[in-house]
Structure formats: C-alpha cells, structure tokens
> 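This structure is in structure tokens; I'll ask about it shortly.
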Amino acid sequence: MLTEFGANIRESDSGKWQKKAGNVMQIAICDDIQKELEIIRAALDTYAEAHSELHFDIDEYGTAIDVLHAVEKGKVYDIALLDICMPGVLGTDVAEEMLAKSPDMGIVFLTTSDEYAVTAFALNATHYLLKPFSQEQFNAALDRAVKKTEEQDFLSLACVDGMYRVRISEIVFIESQSHYLQCSLFSGEMIRLRMKLSQMFEEIQKYPEFIRVGASYIVNLAFVRRISGNTMEMQGGAPIPIPRRSGEEVQKTYMEFCRKEALK
C-alpha cells in the first residue's frame, strides 16, 4: 500500500466531480507596505462588488515569510496578488514556492519596476501590474486570473471537517484501499473518501491524462517520471506496480500521451 506519499489524510463519505462555478475562490494578497496592501484590497473589493456572481475568500499578508508559512501548512490559493520587492524574499520566489504546491494558480505581480518582468513571465504569471495602477488595469488583471481559475475542473468532497476542493490537475494518483479511495495530491496531501474505484474512474476517464492501472490504481500520466519493467515511477511518490498482463498497453498509452503533450 502506498502510504508514504503524504502525511495529511482527510476522509469523505461521498464525492462529486464538478466545475468550479459557484465555489469560493481562495485569494492571497501580499505586500510589505501596509498602505499598498490596503490599496490592493480596496481594488479587489471594488472588483468583487462589480462581479456578484463571484465569491472570494481573501487572506492578507504583510510579509513574504507569512505567505510561505501558510502554504507550508497546506493552504492552497486559486489566485495570488504579490508584490515583488519585499524584504528578505522576492515575490517571484514566493510565487515559485506557491506554484510548486498549486501549479495552476493564477499569479498577478504588482511592483514599481519592470525589471522582474522576464522572471515573472518565466513563472507563467497571469499578469504584471506596475504601481500605481488604475482600477481598470487591475480589473483586466483579475479578469485574466479569474478566467484561468474558472477554466479548471475541480473535485469537491464532503470531508469530515467540511467541503474540500482540489484541482483535477493536482491529482497524482488514486489508490483503492479496502473500502476507501486514497487520493494523493501534488502537494503531498492525501484525501480519503468512501467510493469504489470503478465509480471514480467513470467520472475521471474523460480527462485523457488519467488511466486505470490494474484493479487498484488510477494514475495521472502527467506525473509519471518513467515506466521501467512492471513499475511506474511517479513524481514525488512511491512506485506503482503494473500488472504483467497490461504492461504493454500501459506503456503504449503513456508514450502516446507524451507524444501529444510534446505537440501542444
């Protein structure tokens, strides 16, 4: 059984696959200057008032270290509004750490200089705003970040401690364990729910990156480092066994997936 991939496990009695629409977007704002933090928050509040169909849960941080501590503790954001020039840690470094936990997050950098623009877009930033910015410029940046978030599919689970939401693209693999499924995420966290693997695969097979491997696993091919013999080596996790009878088909499917990804 693969238990060493992550330390945190949440349980759920039921699960449902759905689009993000109607859910709350988690947003982080970070700026080391209080006045600038207030300006960003006011612009975000104005944006939210004009978009009543959207729902935001907003966390404000006065230091880069505070954001990093929250992320280390498992906090996941859909959108991050980050100042770049902060004492000790640059906003681009913060973004890199956050993206390591949540690769599809929308990043909007806000700064007084354009010298970090190349670095910012190398991180696939959604937008780069120069201070001072207008509400119109801010709205355009948020429109892009929101669009990126809304285009993603999410798994919503009714966990013991409340609703838990995860991006499809964050799922590394799903393992059947007795009467439970254990969903291992890119962040290292695990979510446990009561559901049959066959039921889960019926819902998730519409995403081409997921395949069924034997009777116990659903695997995200995007996180496969290589296939060696009858073993599938996963990024950041323990190896997954491939049944001998399906080894050739799994290998073929993986190579086809890699070919299509290379042509995108």
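Just so we're clear, the structure is a prediction, and the values are computed from it rather than from any experiment. Residue numbers run from 1 in the order of the sequence given.
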> Hey, are the side chains of Ile29 and Leu44 touching, using non-hydrogen atoms and a 4.5 Å cut-off?
yes
> His51: what forms a ring pair (Phe, Tyr, Trp, His ring centres under 6.0 Å) with it, not counting sequence neighbours?
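His51 satisfies ring pair (Phe, Tyr, Trp, His ring centres under 6.0 Å) with Tyr47 once adjacent residues are dropped.
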> Can you confirm whether Tyr217 sits close enough to Arg212 that some side-chain heavy atom of one is under 4.5 Å from a side-chain heavy atom of the other?
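Heavy-atom side-chain distance check fails, nothing below 4.5 Å.
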> Does Lys73 reach the side chain of Lys75, with side-chain heavy atoms less than 4.5 Å apart?
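A side-chain contact is absent here, since even the closest heavy-atom pair is not under 4.5 Å.
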> Determine, step by step, whether Tyr180 and Leu193 satisfy the side-chain contact (heavy atoms from CB on, under 4.5 Å) criterion, reporting the C-alpha distance in whole Å, the side-chain angles of both residues, the deciding distance to 0.1 Å, and the verdict.
CA-CA 6 Å; Tyr180 292 90; Leu193 60 149; over 6 Å; no
> Between Phe109 and His127, is the side-chain contact (heavy atoms from CB on, under 4.5 Å) condition met? List the steps.
CA-CA 6 Å; Phe109 288 112; His127 210 94; over 6 Å; no
> I'd like to know if Lys131 pairs up with Asp31 as an ion pair, taking the criterion as any Lys NZ or Arg NE/NH1/NH2 lying under 4.0 Å from an Asp or Glu carboxylate oxygen.
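Yes, Lys131 and Asp31 are salt-bridged.
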> Are Cys30 and Met86 side-chain neighbours, meaning at least one heavy-atom pair lies under 4.5 Å?
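Side chain of Cys30 against side chain of Met86, heavy atoms only: contact under 4.5 Å found.
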> Would you please test Gln182 and Ile174 for side-chain contact (heavy atoms from CB on, under 4.5 Å) and show each step?
CA-CA 6 Å; Gln182 188 156 284; Ile174 301 168; over 6 Å; no
> To check you understand the geometry: which heavy-atom pair defines the closest contact between Pro208 and Phe257, and what is its length?
O-CD1, 4.3 Å
> For a quick check under 3.5 Å, do Gln199 and Glu203 share a side-chain donor-acceptor pair by atom type?
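The answer is no; no qualifying pair exists.
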> Give, for atom CD of Glu97 and atom CG of Leu68, the distance between the pair rounded to the nearest 0.5 Å.
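One gets 6.0 Å once the value is rounded to the nearest 0.5 Å.
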> Closest heavy-atom contact between Cys85 and Asp32?
O-OD1, 3.6 Å
> Whether Arg41 and Asp45 form a salt bridge (side-chain N of Lys/Arg under 4.0 Å from carboxylate O of Asp/Glu) is what I want to check.
yes
> Going from CG on Leu181 to CE on Met195, what distance comes out if it is rounded to the nearest 0.5 angstrom?
7.0 Å
> Considering non-hydrogen atoms only, spot the tightest contact between Val213 and Pro243 and give its length.
CG1-CD, 4.1 Å
> After noting the C-alpha distance and the side-chain angles of Glu233 and Arg226, does the key distance pass the salt bridge (charged side-chain N to carboxylate O under 4.0 Å, His left out) rule?
CA-CA 5 Å; Glu233 297 182 12; Arg226 69 169 181 163; 3.1 Å; yes
> Considering non-hydrogen atoms only, spot the tightest contact between Val94 and Val89 and give its length.
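Heavy-atom minimum between the residues: CG2-CG1, 3.8 Å.
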> Do the charged groups of Arg259 and Glu256 touch, with an N to O distance under 4.0 Å?
yes
> Please report the interatomic distance NE2(His55) to CD1(Ile27), rounded to the nearest 0.5 Å.
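Interatomic distance, His55 NE2 to Ile27 CD1, rounded to 0.5 Å: 12.5 Å.
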> Quick one: does any side-chain atom of Lys148 pair with a main-chain N or O of Met105 as donor and acceptor, under 3.5 Å?
yes
> Shortest non-hydrogen contact from Ala28 to Tyr61?
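It is CB-CE1, 4.1 Å.
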> For the backbone of Ile107 and the side chain of Thr126, can you confirm whether one donor and one acceptor N or O come within less than 3.5 Å of each other?
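Checking the backbone N and O of Ile107 against the side chain of Thr126, a donor-acceptor pair under 3.5 Å is found.
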> Apply the test side chain to side chain donor-acceptor pair (under 3.5 Å) to residues Asp59 and Tyr77: give CA-CA distance (whole Å), side-chain angles for both, the deciding distance (0.1 Å), then the verdict.
CA-CA 9 Å; Asp59 291 335; Tyr77 291 101; 2.6 Å; yes
> Find out if a path of hydrophobic residues (ILVMFWY) with successive side-chain heavy-atom gaps under 4.5 Å connects Ile40 to Ile33.
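No, separate clusters.
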> To the nearest 0.5 Å, tell me how far Ile191 CD1 sits from Glu170 CD.
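Those atoms lie 9.0 Å apart.
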> Centres of the Phe173 and Phe223 rings: under 6.0 Å?
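Judged by ring-centre distance (under 6.0 Å), Phe173 and Phe223 do not meet the cut-off.
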> Would you say the side chain of Ile84 lies within less than 4.5 Å of the side chain of Leu82, judging by non-hydrogen atoms?
no
> Applying side-chain contact (heavy atoms from CB on, under 4.5 Å) to Ile240 and Thr231, what does each step give before you reach the verdict?
CA-CA 6 Å; Ile240 291 176; Thr231 300; over 6 Å; no
> Give, for atom OG1 of Thr111 and atom CG of Leu129, the distance between the pair rounded to the nearest 0.5 Å.
10.5 Å
> Which atom names give the shortest non-hydrogen contact between Val108 and Ala145, and what distance separates them?
CG2-CB, 4.2 Å
> Taking the side chain as every heavy atom from C-beta outward, state whether Ile218 and Met200 have any pair of such atoms under 4.5 Å apart.
yes
> Between Thr63 and Asp66, is there a donor-acceptor pair closer than 3.5 Å when you use the side chain of the first and the backbone of the second?
yes
> Just by distance, do the side chain of Asp57 and the backbone of Met25 share a donor-acceptor pair under 3.5 Å?
no
> Can you confirm whether Phe210 sits close enough to Gln205 that some side-chain heavy atom of one is under 4.5 Å from a side-chain heavy atom of the other?
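Sidechains of Gln205 and Phe210: no contact.
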> Check whether any side-chain N or O of Ser134 sits under 3.5 Å from a backbone N or O of Gln137 as a donor-acceptor pair, and report yes or no.
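A pair under 3.5 Å: yes.
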> Using a 3.5 Å distance criterion without hydrogens, assess whether the side chain of Ser113 forms a donor-acceptor pair with backbone atoms of Glu115.
yes
> I'd like to check the side-chain hydrogen bond (donor to acceptor under 3.5 Å, both in side chains) partners of Lys196; sequence neighbours left out, ordered by chain and number.
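Listed in chain order: nothing, the list is empty.
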> Who passes ring pair (Phe, Tyr, Trp, His ring centres under 6.0 Å) against Phe56, sequence neighbours left out?
none
> Just by distance, do the side chain of Tyr254 and the backbone of Val224 share a donor-acceptor pair under 3.5 Å?
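Yes.
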> In Å and rounded to the nearest 0.5 Å, what is the OG1 to CD distance from Thr253 to Glu209?
13.5 Å
> Do Leu99 and Leu123 come within less than 4.5 Å of each other through their side chains, counting heavy atoms only?
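They are in side-chain contact.
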